[in-house]
Asks: 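Below you'll find the structure I mean.
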Amino acid sequence: SEDFAWTKNEKTSFFYGTFPTGFSWGAGSSAYQTEGAWNTDGKGMSIWDAFAHKKGKIFLNDTGDSSCEGYFKFKDDITLMKDMKLNHYRFSISWPRILPSGLKNEHINEKGIKYYDDLINMLLENKITPIVTLYHWDLPQVLQEKYGGWQNVSMVNHFNDFANLCFERFGNRVKYWITFNNPWSVAVEGYETGEHAPGLKLKGTGAYKAAHHIIKAHAKVWHTYDMQWRSKQKGLVGISLTADWGEPVDITNQRDIEAAERYIQFYMGWFATPLFNGDYPQVMKDYIGRKSGQQGLGASRLPVFSPQEKSYIKGTCDFLGLGHFTTRYITQKNYPSGLGDSYFTDRDLAELVDPQWPDPGSEWLYSVPWGFRRLLNFVKTQYANPMIYVTENGVSEKMLCTDLCDDWRMQYFKDYINELLKAIKDGVNVKGYTAWSLLDNFEWDEGYSERFGLYYVDFRNKNKPRYPKASVQYYKRIISSNGFPNQREVESWKRKAVETCSSSNQLLALFNTGVTLIQLIFYFSHMEMVTEIVVPTVCTLCILLSAVFLMFLLRGRL
Ligand SMILES: CCCCCCCCCCCCC/C=C/[C@@H](O)[C@@H](N)CO[C@@H]1O[C@H](CO)[C@H](O)[C@H](O)[C@H]1O
């Protein structure tokens, strides 16, 4: 396939220009990461509730129990969106919030429905288009316990029932549906490495089986919409796939070139190729099939679609949601079978990074903007230039102290959005961009230690106040200019954003001083408890013990 070397000359140059008219700017969130209210108003338990409540699964044993309290503060959040002049907001519906047992025929939680009704209505009143994800990882726990979650094909029908209910209740107002968010993570991190809920480590088989059922479930939901709702509601149904770009370490080495291609096929192609072309990528079938044979298995660990299934699945994507964060250098590396089967060893490759790439936050996230343009062009050529919405793109920070002047995030957005603009000029059909994320939130197994938000959330404070980081101002300017109009203007944006954020920082500092004062008062009121209760009790106990001890001594003497 193409090596995209032609994009290299422009790797570091900045492109001034604007996005097509009508381009949609947004920000994203997901239910478990922001809503909190984990057991409020009749919500059922999700696999993430159960997982996070187990000790040792999440950094510092954090949970999403209250998170940003988005369930209660969504009106405030819409005000923030309005202030940024967002065109769309991407959020997800919590399956167990509206179907506590996971099953439509058992119980529909009307309070949960009302929450999403209110959210959607208020977004529309403020001219913000809702882009709604049906599955952002929070499967009802009951379905995990009863059926084994995505290991079981029965999930296809249960998910379809849930989706159908959402179309019925919200579809008159929601026109953009995303079935699954990042199914790669669901499959690999949920069922292979076990770092995510439900925490299973079914190496070499679990991820493939989960993905197989997810792809079938997606196709079924697309057909349901197509047959029952599309003519009335006139919406679109897509999926959101996350993919990093894989660049060959040595672009003159055929083995590295093929390894990089495998990296992408095992990542995005795993899901995109069935949906656009009807079957798994040939390279996955070849590699997993050969390795399964070498392991003495009678059949490939990669499940097979029947001819009927292939034609049912093919063409079930009205638009492709694309989540993209980073890039890897890829080289060929053999993993002989016998070392234990796994998704990772099946690919026969090694991932490398350039130590000079900036990496402000998450361990896996390096800022490599040029990879974004290559990935977008890859999608264009591989899948016949589908309609794309960028559903996630952003960067985190690990913050020890509060700093709202997030210079590196402004740089990340500037450079990644510019590569997106270049890709559109290349002819890639991108209709919208979604910054990840609106707010700092619960970052899965990393808890609250990694902050992706445009808005800083003070999680120590019960009210979870939000504070704009400098990147809010920066993103606002990109939105209001619909891109990067000219050098003189764009160059002033950072300075202006930092000026505004300095005053917010002072506000936050003032507030934090207030919190510290309250903590001190609490500490001293504790001291009172120490002097009034603990000290006298300990003294009395000491006197009693000494008396008993003395009695013992005297008894021995007498
Ligand atoms: C040969 C053996 C090698 C074994 C190596 C095992 C290591 C596997 C670890 C995989 C880690 C991958 C981390 C990548 C994550 C992103 O792709 C993922 N987080 C993207 O999903 C979205 O992320 C957002 C920010 O992180 C946000 O949380 C959102 O909800 C997600 O959809």
Side-chain angles (χ1 to χ4, degrees), residues 27-35 48 58-59 62 64 67-68 90-92 94 133 135-138 178 180-197 201 203-204 207 239-246 259 262-264 266-268 270-271 291 321-328 330-337 339-353 359-366 371-372 375 390-398 409 412 434-454:
S29 74
S30 86
Y32 186 71
Q33 291 179 281
T34 51
E35 280 177 6
W48 271 95
I58 312 291
F59 184 70
D62 281 335
S67 187
C68 310
R90 179 184 175 222
F91 66 92
S92 77
S94 158
T133 307
Y135 189 82
H136 204 124
W137 307 357
D138 45 357
I178 290 170
F180 288 90
N181 173 69
N182 189 1
W184 182 91
S185 273
V186 177
V188 174
E189 297 183 276
Y191 292 88
E192 169 97 19
T193 67
E195 287 167 330
H196 282 191
K201 296 180 181 162
K203 293 226 165 101
I239 191 166
S240 174
L241 303 180
T242 303
D244 299 340
W245 175 247
R262 272 202 306 286
Y263 175 76
I264 299 171
F266 268 74
Y267 207 151
M268 179 175 61
W270 184 4
F271 301 91
K291 291 197 176 227
L322 195 63
H324 174 75
F325 293 89
T326 193
T327 282
R328 293 282 182 271
I330 306 294
T331 187
Q332 155 78 28
K333 178 175 178 176
N334 282 336
Y335 289 94
S337 52
L339 287 181
D341 1 311
S342 88
Y343 162 86
F344 292 100
T345 54
D346 281 341
R347 304 178 303 175
D348 273 351
L349 58 86
E351 298 177 30
L352 305 166
V353 294
D359 62 335
S362 313
E363 225 176 22
W364 52 273
L365 208 173
Y366 295 80
F372 193 19
L375 178 73
V390 174
T391 39
E392 288 182 355
N393 176 244
V395 67
S396 59
E397 72 256 4
K398 277 195 201 286
R409 183 172 287 104
Y412 181 99
T434 317
W436 184 267
S437 49
L438 180 70
L439 306 174
D440 288 341
N441 57 42
F442 178 84
E443 177 53 20
W444 308 113
D445 51 323
E446 300 298 340
Y448 297 98
S449 66
E450 294 180 8
R451 293 172 175 268
F452 277 84
L454 288 157

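Side-chain atoms are counted along with the backbone in the values below, which use heavy atoms only and exclude waters and symmetry mates. Counting from 1, the numbers follow the sequence of the chain as shown. Atoms within a ligand are numbered from 1 in the order they appear, just like the ligands themselves.
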Asks: Can you tell me how far apart CH2 (W364) and OG (S396) are? Round to the nearest 0.5 Å.
Replies: 7.0 Å
Asks: Can you sort out which atoms of ligand 1 are near W137, meaning under 4.0 Å from one of its heavy atoms?
Replies: 31 (C), 32 (O)
Asks: Which part of E450 is near ligand 1, with near meaning a heavy atom under 4.0 Å away: side chain, backbone, both or neither?
Replies: neither
Asks: Looking at non-hydrogen atoms alone, which of Y335, W436, Y343 comes nearest to atom 27 (C) of ligand 1?
Replies: W436
Asks: How far is atom 17 (O) of ligand 1 from its nearest protein heavy atom, and which residue and atom name does that atom have?
Replies: Y267 OH, 3.3 Å
Asks: Just jot down the ligand 1 atoms closer than 4.0 angstrom to any heavy atom of N181, in number order.
Replies: 32 (O)
Asks: Between CZ of F452 and CD of E443, what distance do you get to the nearest 0.5 Å?
Replies: 4.5 Å
Asks: If you measure from OG1 on T327 to CH2 on W245, what distance do you get to the nearest 0.5 Å?
Replies: 8.5 Å
Asks: Looking only at N/O atoms, are W444 and ligand 1 under 3.5 Å apart anywhere?
Replies: yes
Asks: Do W184 and Y267 have their ring centres less than 6.0 Å from each other?
Replies: yes
Asks: Write down the atom of W137, the atom of W48, and the distance for their closest heavy-atom approach.
Replies: O-CD1, 3.2 Å
Asks: Name the option, out of Y32, W184, W364, that contains the heavy atom nearest to atom 10 (C) of ligand 1.
Replies: W184
Asks: Taking only non-hydrogen atoms of H136, do any sit less than 4.0 angstrom from ligand 1?
Replies: yes
Asks: On a heavy-atom basis, which atom in T242 and which in E392 lie closest, and how many Å separate them?
Replies: OG1-OE1, 4.2 Å
Asks: Hey, which of F91, Y135, F442 is the one that makes ring-ring contact (aromatic ring centres under 6.0 Å, His included) with Y32?
Replies: F442
Asks: Which protein heavy atom lies closest to atom 9 (C) of ligand 1, and at what distance to 0.1 Å?
Replies: E195 OE1, 4.0 Å
Asks: So do the side chains of N181 and S30 get within less than 4.5 Å of each other, counting heavy atoms only?
Replies: no
Asks: Any atom of ligand 1 sitting under 4.0 Å from a heavy atom of F442?
Replies: no
Asks: What atoms in ligand 1 come closer than 4.0 Å to a heavy atom of E443?
Replies: 25 (C), 26 (O), 27 (C), 28 (O)
Asks: Taking distance alone, with N or O pairs closer than 3.5 Å, would you say E392 contacts ligand 1?
Replies: yes
Asks: Identify, for atom 11 (C) of ligand 1, the protein heavy atom at the shortest distance, and state residue, atom and that distance.
Replies: E189 OE2, 4.0 Å
Asks: Can you report which non-hydrogen protein atom sits closest to atom 7 (C) of ligand 1, along with the distance?
Replies: F344 CZ, 4.2 Å
Asks: Could you state the interatomic distance from CD (Q33) to OG (S92), rounded to the nearest 0.5 Å?
Replies: 8.0 Å
Asks: Where on D244 is there a heavy atom closer than 4.0 Å to ligand 1, on the side chain, on the backbone, on both, or on neither?
Replies: neither
Asks: Would N182 count as a polar contact of ligand 1, with the cut-off being nitrogen or oxygen pairs under 3.5 Å?
Replies: yes
Asks: Suppose I only count heavy atoms of T242 and a 4.0 Å limit; which atoms of ligand 1 are within that range?
Replies: 17 (O), 20 (C)
Asks: Which atoms of ligand 1 have any heavy atom of F452 under 4.0 Å away?
Replies: 25 (C), 26 (O)
Asks: Just by distance, do the side chain of S240 and the backbone of L322 share a donor-acceptor pair under 3.5 Å?
Replies: no
Asks: Can you tell me how far the NZ atom of K333 sits from the CG atom of D348, to the nearest 0.5 Å?
Replies: 10.0 Å
